[in-house]
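Below you'll find the structure, written out as structure tokens, and then a few comments.
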Amino acid sequence: MKELILVGGGGHCESVINVIEALPQFSIVGILDVEENLRNKILNYEVIGTDTDIPYFAKSCSFVITVCLLYTSDAADELDGVDLGGRRI
């Protein structure tokens, strides 16, 4: 069974978890997200680290990027940027 770590703990992460759980050849080890979410759980999977922990896990796991940026053309037209879940670009 291939062990996976998900990178990004937002709403898209939940969708990816649902797909991975339907595939018997994969096992989710945990999730990497921002520091303030450490030890939180997303659909029963713990946030086990941040992106700075990737080198530690790279020896034993594969990664799935679960970050998804969606925005409407109205949001893109705003002069002050696009909202990224509390962060603006």
Side-chain angles (χ1 to χ4, degrees):
M1 184 174 295
K2 188 168 196 151
E3 293 185 325
L4 301 176
I5 292 184
L6 309 182
V7 181
H12 187 60
C13 181
E14 293 180 7
S15 299
V16 172
I17 288 170
N18 289 328
V19 171
I20 293 171
E21 286 182 334
L23 302 169
Q25 66 268 38
F26 298 109
S27 170
I28 300 171
V29 173
I31 300 164
L32 301 181
D33 200 17
V34 294
E35 190 170 335
E36 55 264 22
N37 290 336
L38 283 173
R39 305 295 170 239
N40 288 348
K41 289 198 174 192
I42 299 169
L43 297 181
N44 296 317
Y45 295 98
E46 187 174 351
V47 176
I48 58 173
T50 69
D51 58 352
T52 61
D53 296 309
I54 289 173
Y56 171 77
F57 292 109
K59 296 174 180 137
S60 60
C61 298
S62 294
F63 297 89
V64 177
I65 306 301
T66 62
V67 176
C68 181
L69 172 61
L70 297 176
Y71 63 91
T72 66
S73 60
D74 290 341
D77 290 340
E78 291 180 15
L79 295 176
D80 58 350
V82 176
D83 188 349
L84 296 177
R87 293 174 282 177
R88 299 192 69 76
I89 61 168

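Note that these values count all heavy atoms, side chains included, but never hydrogens, waters or copies made by symmetry. In what follows, residues are counted from 1 in the order of the sequence shown.
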Side-chain heavy atoms nearer than 4.5 Å, only ILVMFWY residues, links allowed to pass through others: does that put [X] and [Y] together?
| X | Y | answer |
| --- | --- | --- |
| Phe63 | Leu4 | no |
| Val64 | Leu43 | yes |
| Val16 | Val67 | no |
| Ile17 | Ile65 | no |
| Ile42 | Val19 | yes |

Item to check | Glu14: side-chain hydrogen bond (donor to acceptor under 3.5 Å, both in side chains) partners, not counting sequence neighbours | outcome: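 None.
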Checklist entry - When rounded to the nearest 0.5 angstrom, what is the spacing between CG in Leu6 and SG in Cys61? => result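 Rounded to the nearest 0.5 Å, the CG-SG separation comes out at 10.5 Å.
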When the side chains of residues 20-34 are checked against the rest of the protein, which donor-acceptor pairs come out under 3.5 Å, sequence neighbours left out?
residue	atom	partner	partner atom	Å
Glu21	OE2	Tyr45	OH	2.8
Asp33	OD1	Gly9	N	3.3
Asp33	OD2	Asn37	ND2	2.8

Item to check | CA sep, side-chain torsions, deciding dist, call: Ile48, Asp53, side chain to side chain contact (heavy atoms under 4.5 Å, CB included) | outcome: CA-CA 9 Å; Ile48 58 173; Asp53 296 309; over 6 Å; no
Item to check | CG/Asn44: more than 12 non-hydrogen atoms of other groups inside 6.0 Å | outcome: no
